Amino acid sequence: MDLIKKLDRYDVKEVFSKNWLTHDAMWYGSCMQELGPEKANQLNKTAVRLMAAIEIKRIMKLMNKPKGVTINNFHELAEIIETAFRLIQTSFLTFNFSFPEKNLLRGQFNECFAHDGVKKFGMIDHYECGAFERVKGWLTSLGVSYIMIPEFKGCLMYQNGKCEVDFRFDLD
């Protein structure tokens with residue numbers, strides 16, 4: 001049976017995304033058990049940022065953007081970020097993002113797979129969010145300066161019952 005021919009793009013994206021996030025969760029849980037929360041959080045955030053830098057370069061290539069292009073204006077950045085989010089978003093990875101004004105990206109999780117998974121393992125009080133490290137990795141790789149508000153440690157969903165972060169830019 002040639003399963004890949006029977007699946008549509010949505011199904012392929014879902015299964016590969018689920019597999020990657022399952023690996024991510026198992027890797028993080030294993031690090032937490034073997035190395036403790038401080039080292040596991042450090043490794044997780046570093047790995048996400050490094051992966052994101054490669055990921056955004058691949059997305060830029062798919063968008064036919066020249067290698068090493070400098071992002072100077074907000075409209076161009078918004079197009080890249082929107083494309084990246086649309087590409088990675090799946091049915092189980094629910095988040096909202098918006099550009100409520102020029103030079104502002106707002107990310108919101110109303111529910112969070114990472115929070116829920118870490119909570120199930122009883123480690124939520126030690127968890128440091130890795131989700132926004134992905135966006136930070138994209139922005140750093142693109143050479144875009146930003147301010148993240150709020151800067152936080154831990155998990156906003158656990159601390160506040162909701163998760164909302166703004167990224168402010170100073171672009172044309």
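Everything quoted here is computed from the prediction, not taken from an experiment. We're numbering straight along the sequence, starting at 1.
A heavy-atom distance below 4.5 Å is not found between the side chains of Pro37 and Met123. Using a 4.5 Å cut-off on side-chain heavy atoms (C-beta onward), Phe74 and Leu104 make no contact. Ile88 has its side chain within reach of Glu55: a pair of non-hydrogen atoms, C-beta onward, lies under 4.5 Å apart. Proximity of Lys18 to Thr90: side-chain heavy atoms (C-beta onward) are nowhere separated by under 4.5 Å. Side-chain contact between Met157 and Ile124 is absent, with no heavy-atom pair separated by less than 4.5 Å. Counting heavy atoms from C-beta outward, Tyr158 and His115 have side chains that approach closer than 4.5 Å. Glu82 places a side-chain heavy atom less than 4.5 Å from the side chain of Phe97. Val118 has its side chain out of reach of Cys155: every pair of non-hydrogen atoms, C-beta onward, lies at least 4.5 Å apart.
For the pair Lys136 and Glu133, the salt-bridge criterion is met [side-chain N within less than 4.0 Å of a carboxylate O]. Ion pairing between Glu101 and Arg106 fails under the 4.0 Å rule for side-chain N and carboxylate O.
Surrounding CG of Asp170 are at most 12 heavy atoms belonging to other residues, nucleotides or ligands under 6.0 Å away. Summarising the local packing, CD of Gln159 is surrounded by more than 12 heavy atoms from other residues, nucleotides or ligands at distances under 6.0 Å. Heavy-atom contacts from other residues, nucleotides or ligands closer than 6.0 Å to CD of Glu111 number 12 or fewer.
In the hydrophobic clustering of this structure, Met63 groups with Val69; members are Ile, Leu, Val, Met, Phe, Trp, Tyr whose side-chain heavy atoms approach within less than 4.5 Å, directly or through other members. Grouping the Ile, Leu, Val, Met, Phe, Trp and Tyr side chains by contacts below 4.5 angstrom, directly or via other members, places Met148 with Ile71. Hydrophobic clustering of Ile, Leu, Val, Met, Phe, Trp and Tyr side chains at less than 4.5 Å, counting indirect connections, unites Trp20 with Leu93. In the hydrophobic cluster analysis, where Ile, Leu, Val, Met, Phe, Trp and Tyr join through side-chain heavy atoms closer than 4.5 angstrom, Leu50 is grouped apart from Leu142. Connection of Leu139 to Ile147 is not established within any shared hydrophobic cluster, with ILVMFWY side chains joined at heavy-atom distances below 4.5 Å, either directly or through further cluster members.
Panel note: side chain Asp166, backbone Ile149; no donor-acceptor pair is recorded below 3.5 Å. Looking only at distances, a side-chain donor or acceptor of Thr83 sits under 3.5 Å from a matching main-chain atom of Glu79. Between the side chain of Asn41 and the backbone N or O of His126, at least one donor-acceptor pair lies under 3.5 Å.
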query = Are Arg134 and Met51 close enough, and set up right, to give a side chain to side chain contact (heavy atoms under 4.5 Å, CB included), and what steps lead you there?
reply = CA-CA 8 Å; Arg134 195 173 195 174; Met51 179 279 306; 3.7 Å; yes
From CA spacing to verdict: side chain to side chain contact (heavy atoms under 4.5 Å, CB included), Ile54, Arg58 = CA-CA 6 Å; Ile54 295 166; Arg58 290 176 177 161; 3.5 Å; yes
inquiry  = Determine whether Val15 and Asn19 satisfy the following criterion, side chain to side chain contact (heavy atoms under 4.5 Å, CB included), listing intermediate values before the conclusion.
reply    = CA-CA 6 Å; Val15 74; Asn19 288 341; 4.0 Å; yes
Side chain to side chain contact (heavy atoms under 4.5 Å, CB included) between Ser91 and Tyr10, intermediate numbers included = CA-CA 10 Å; Ser91 64; Tyr10 175 82; 3.3 Å; yes
task = Just do the ring pair (Phe, Tyr, Trp, His ring centres under 6.0 Å) check on Phe132 and Phe109 with the steps written out, would you?
result = CA-CA 11 Å; Phe132 290 108; Phe109 284 89; 5.8 Å; yes
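With rounding to the nearest 0.5 Å, the separation of CG in Leu21 from OH in Tyr28 is 15.0 Å. Interatomic distance, SG of Cys112 versus OH of Tyr127, reported as 6.0 Å (0.5 Å rounding). Between the CE atom of Met32 and the CG atom of Asn44 there is a distance of 9.0 Å, given to the nearest 0.5 Å. The structure places CG of Asp172 at 8.5 Å from CG of Asn103, a figure rounded to the nearest 0.5 Å. The distance from atom CD of Gln89 to atom CG of Leu87, rounded to the nearest 0.5 Å, is 11.0 Å. Atom CD of residue Gln42 and atom CG of residue Leu35 lie 10.0 Å apart, to the nearest 0.5 angstrom.
Checked against the 6.0 Å centroid criterion, the rings of Phe85 and Trp138 qualify as a close aromatic pair.
Among all heavy-atom pairs drawn from Val48 and Gly130, the shortest one is CG1-O, 3.5 Å. When all heavy atoms of Gly137 and Ala52 are compared, the closest pair comes out as CA-CB, 3.9 Å. The two atoms that bring Leu43 and Cys31 nearest to each other are CD1-SG, 4.4 Å, heavy atoms only. For Met60 against Ile80, the heavy-atom pair with the smallest separation is SD-CD1, 3.5 Å. Nearest heavy atoms, Ala53 versus Ser141: O-OG, 3.4 Å. Contact record, Phe152 with Cys129: CE1-CB, 3.8 Å, taken as the closest heavy-atom pair.
Glu34 is linked by a side-chain hydrogen bond (donor to acceptor under 3.5 Å, both in side chains) to nothing, counting only residues two or more places apart in sequence or in another chain. For Phe169, there are no ring pair (Phe, Tyr, Trp, His ring centres under 6.0 Å) partners, not counting sequence neighbours.
Annotation: ring pair (Phe, Tyr, Trp, His ring centres under 6.0 Å) contacts involving residues 45-71, sequence neighbours excluded, are absent.
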